[in-house]
Amino acid sequence: MLKALTLTAALLAGTAGVALAQEPQSGGTLNFVAPYGSSFGTLDIHTSPSTQDEFPAKAIHRSLYQWNSEEGKPELELATDVSASDDRLTYTYKLRENAVFHDGTPFTADDVIYSYERIADPANAFPGARYFADVAGIEEFNSGAAEHISGLKKIDDHTLEITYTVAPTDPGYALMQTNAAIYPSGAGEDPDFIQNPIGLGPFEFVENVPGSRVVVEKFDEFYEDGQPYLDRVNIVLLGDASARDVAFRNQEIDVSVLGPTQYVAYQADPELSENLLEVAEVYTRHVGFDNTKPPFDNKEVRQAFGHAIDNDLIIDKLVKNKAYPATGWLPISSPAYDPAAEPTAYDPDLARQMLADAGYPDGIDVAITATQNESWGLTIVEAIIPMLRDAGIRATAVPVEASVLAEIVPAGDFEAFMWSNLSGPDDYEVLKCYYSKTPRSSCAYQQFSDPEFDRLFEEAGAETDPAKKTDLLRQANNIVQQGAPSWFFNYNKAVMAYQPWVHGLQANATELAIQNYEDLWIDETAPDSRR
Amino acid sequence: MLRFTIRRLLQVIPTLLAVALLIFVIFSVVPGSFASSLMADGRTAADPEMLARLNEQFGLDKPLYLRFADYITGLARFDLGTSFRTREPVLDVINARLWASLKLAVAAMAFAIVVGVPLGFIAALRPGSLLDSVTMIGAVSGLSLPQFWLGLLLMYLFALVLGWLPSFGYGGGSWRYLILPAITLGVTPLALLARTTRAGVLEIANEDFIRTARSKGMSEARVVRWHLVRNVMVLVVTTIGLQFGSMMGQAVVIEKLFSWPGIGSLLVDSVSIRDTPVVQGTILVIVVWFLLINTLVDIVYAAIDPRIKQT
């Protein structure tokens, strides 16, 4: 299935043209780049929340659902049908009967239950355990009182029932995750499986050269007729942006993820600019404030912070337009995004006035904790410090490593922090971060509290009509913007450069670099080394 | 010679213990943890229960002294622990990357020796000549060029412009993939060797025993082979040993740049995600390598100059 961009999605995402007219061609090798580091952590994807580890896993494994980039929502992948009970607590899946693992073993409901129980097992401490937090019987399973999760029930080999204690917005959001992939029953305990994984995906594992590449080859019995198109995918590690640039220009790799510097250079090149795929990813960059302590317990102070900064200048000069101005927490690709919303206006005089009105006529001092990231780190902090100073906000930068930021922010050990956080695709789930009953250590880092937001959020949780739910979430998101728990400054514009012979790339707003490899194909203009 | 070798090898043990203690303390007190690194990309919201379970699983909830006791006990059994990230034995994780690092270090050092030592000799034999000037300008440049920048330059020239070599990767161990990273890594020791050799030759060439040998009618070839080279070699071997020993540590940047699957890139990745057992194991391997090379150099010294055994 070739996924073309809809006009709406293309406009929203600002995508470059992706070849649509040609018929897919079979055969060839694709050199796909994994740009987020110089190694894969593990081939046991259940253990990892890392995007980098998804690159090989996405080729080898499949989950019950898959993200549909065209529609912007999860869709069934390993099931052909799902029905929900009236109370939306029980979901019954008709599983694919034509899916087999790479060793020829047929796929059944036992494999799903085994995989989900492995992921949820507290002894494993896997990151995906939270996907099953609301499945019936999880508490008994976690405490050891039950050997299995009662909410996961096999009706027959190809019928599975999942019962929740709290109705999910759409179970697909959790069950589409790559680290919720389905393994053959019992395989996870086999040490050989971890080194030579077997899955339901379109490609079979061939080779792992740690720190260099993973090679996968076409699985002839993949359940989608005619797919995958490619014979082989070399998933190569290339973490350095400059090295990636040389390799791409030298046609050694077929796709490359661009940083701000490369984005400018590629746009200026008449040939390279023809093959750029852009998408508004579901990441929001922001400066979060501790809403529980002075001076940021005062809404006017938080709002003043945003008014003090010329955000357009930051996006233009520092982020090189590889971002979209933010108008709130939910990103552009979110259904609940309000296109009528406006970014916080740059008005230093108003900022000063607001600080004075809030009881800080002499200004405030703030330490902003940030990492070295070029798009949402110290570079940006250093640039906004003079602007803030003009408005009476004396800011200092506190540089930390990414893992340190991830430790101190959930612990509340900050005055303000700069981060890029996932803000989709499940609007309801990500807005939970501003619900007053969510613990700080989960994702309510700023400890925002607004009764009106809470009311709308709770109503949205109980609403069964998708349109009404989206409307409630849109209102809730606007309250977040007005309440300014953070200064939301931009949404990431992910940019992928691809060689002219590559087709079938999807504008995946959840993570552009993660592609459904089975949709990719190369045409006859590819170099001989790929044919 | 045997006693000397054994004595040198035994001296490695306290050094290793001190390093092990230092690494353990440093990585126990630096902020950040493996559990928090899982959320560092902002993609995953924190799950306090999972984080607590992870810390418990990896023994990070234990007091520092107990963790150190576990670590040292493990070391005594040649057990470097289990990687937090891959959940495999650290030895296996390192072993999968060690040979690529050794291959790169040996190739880079071979390049440095084969080019650097003769260049230094030739330059010293014709001091002040054009060749001498060019060699020394090249050596100073080689010492001052940032490796990262040089690597990019070589990539650009030999991969993109000339199309002779691949710009990155391991290529299943093909020598074509080794050339650019080895040259990049080898340039600094090459420059140092050329300068050291030149300085050594110039100094020894003016020694009394060289003049004596010449005045006794010994041929120039014999003077160079029997007196000059042998004495210069002590200096050259020292430089080679120091450079070769520190090469694994220096390779970190090169491995990252060229996507070379050695332990240098493993170390960088492991530090950023706080995979402490792998960090400790990798540093220990690099230190062991350095100590072994230096011990080997000491033994070679003793072979070249028997007076060293007395000290």
Side-chain angles (χ1 to χ4, degrees), chain A residues 36-39 41-44 47-51 122-127 129-130 133 194 207 209-213 236-240 242-244 246-247 249-250 252-253 283 371 376 400-410 419-422 429-430 432-433 439 441-443 511, chain B residues 30-54 56-57 83 85-88 93 96-97 100 148 151-152 155-156 159-160 163 166-173 255-263 265-266 268-270 272-275:
Chain A
Y36 302 129
S38 56
S39 60
T42 174
L43 293 176
D44 182 358
T47 69
S48 175
S50 152
T51 305
N124 288 332
F126 288 166
R130 63 198 167 94
I194 307 306
E207 176 193 39
V209 181
S212 179
R213 65 176 184 176
V236 298
L237 291 153
L238 202 42
D240 184 78
S242 307
R244 216 162 47 236
V246 172
R249 290 171 188 266
N250 202 33
E252 291 174 83
I253 54 175
Y283 287 89
T371 68
W376 46 269
V400 293
E401 274 187 274
S403 63
V404 179
L405 184 75
E407 185 170 75
I408 62 177
V409 171
W419 207 352
S420 172
N421 289 102
L422 190 76
E429 193 61 31
V430 297
K432 199 179 272 181
C433 299
S441 56
S442 288
C443 67
E511 173 58 66
Chain B
V30 290
S33 66
F34 173 71
S36 67
S37 80
L38 296 178
M39 301 173 305
D41 60 4
R43 186 169 178 243
T44 311
D47 177 350
E49 282 180 25
M50 185 203 80
L51 299 185
R53 280 200 296 266
L54 269 179
E56 186 187 338
Q57 195 176 73
S83 162
R85 183 161 68 151
T86 69
R87 306 192 186 204
E88 293 171 304
V93 174
R97 312 282 282 260
F148 182 83
L152 276 177
M155 259 185 202
Y156 180 78
L160 193 55
S167 69
F168 78 101
Y170 191 58
E255 288 184 7
K256 283 284 282 185
L257 180 66
F258 288 96
S259 198
W260 187 263
I263 61 170
S265 53
L266 175 68
V268 174
D269 277 4
S270 302
S272 68
I273 61 157
R274 298 290 190 273
D275 191 348

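Letters go in sequence order (proteins before strands), and every chain restarts at 1.
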message: Using heavy-atom distances under 4.5 Å, tell me whether B:Leu160 contacts chain A through its side chain, its backbone, both, or neither.
response: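 The answer is both parts of B:Leu160.
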
- prompt: Checking heavy atoms, do the side chain of B:Glu56, its backbone, both or neither come under 4.5 Å from chain A?
  reply: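 Neither; nothing under 4.5 Å.
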
field: Interface residue of largest heavy-atom contact number with chain A, from B:Phe34, B:Phe258, B:Phe148, under 4.5 Å
entry: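 Top option by heavy-atom pairs under 4.5 Å: B:Phe148.
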
- request: Kindly check if the number of other-residue, nucleotide or ligand heavy atoms within 6.0 Å of OH (B:Tyr156) is above 12?
  value: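 Atom OH in B:Tyr156 is not crowded, with 12 or fewer foreign heavy atoms closer than 6.0 Å.
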
Which atoms of [X] come close to chain B, meaning under 4.5 Å heavy atom to heavy atom: side chain ones, backbone ones, both, or neither?
X        : value
A:Ser420 : backbone
A:Ile253 : side chain
A:Leu405 : neither
A:Thr51  : both
A:Tyr283 : side chain

message: Return the CE to CG distance between B:Met39 and A:Asn421, rounded to the nearest 0.5 Å.
response: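 Taking CE in B:Met39 and CG in A:Asn421, the distance rounds to 10.5 Å.
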
query: Under the side-chain hydrogen bond (donor to acceptor under 3.5 Å, both in side chains) test, which residues partner B:Ser167, sequence neighbours left out?
result: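 Only A:Glu252 meet the side-chain hydrogen bond (donor to acceptor under 3.5 Å, both in side chains) criterion with B:Ser167.
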
Shortest non-hydrogen contact from [X] toward [Y]:
X        : Y        : value
A:Ala129 : B:Arg53  : CB-NH2, 4.1 Å
B:Met155 : A:Ala243 : CE-CB, 3.6 Å
B:Asp269 : A:Ser39  : OD2-OG, 2.6 Å
B:Thr86  : A:Gly41  : CG2-O, 2.6 Å
B:Ala40  : A:Trp419 : O-NE1, 3.3 Å
A:Ala123 : B:Gln57  : O-NE2, 2.6 Å

Below 4.5 Å, heavy-atom pairs only: which of [options] has the largest tally toward chain B?
options                              : value
A:Cys443, A:Gly37, A:Ser48, A:Ser212 : A:Ser212
A:Gly211, A:Ala247, A:Ala402         : A:Gly211
A:Asn250, A:Asp240, A:Asn124         : A:Asn250
A:Val246, A:Ile408, A:Val409         : A:Val246
A:Thr42, A:Leu238, A:Leu43           : A:Leu238

- prompt: Where the side chain of B:Ser37 meets the backbone of A:Ser403, is there a donor-acceptor pair that is under 3.5 Å apart?
  reply: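 Between the backbone of A:Ser403 and the side chain of B:Ser37 there is no qualifying donor-acceptor contact (under 3.5 Å).
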
message: Treating B:Arg43 as the side-chain partner and A:Pro49 as the backbone partner, does any N or O pair qualify as donor plus acceptor under 3.5 Å?
response: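 Here the side-chain-to-backbone pair exists.
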
- request: With B:Arg87 as reference, evaluate A:Thr47, A:Ile194, A:Asp44 under the side chain to side chain contact (heavy atoms under 4.5 Å, CB included) test and give the passing residue.
  value: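 Passing option: A:Thr47.
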
query: Are A:Glu401 and B:Arg274 ion-paired here, with the side-chain N under 4.0 Å from a carboxylate O?
result: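 Judged by the 4.0 Å cut-off on N to carboxylate O distance, A:Glu401 and B:Arg274 do form a salt bridge.
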
message: A side-chain contact here means heavy atoms from C-beta on lying under 4.5 Å apart; do A:Ser50 and B:Arg85 qualify?
response: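 No. Closest side-chain heavy atoms not under 4.5 Å.
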
query: Side chains of A:Val236 and B:Phe168: closer than 4.5 Å at any heavy-atom pair?
result: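 Yes. Closest side-chain heavy atoms under 4.5 Å.
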
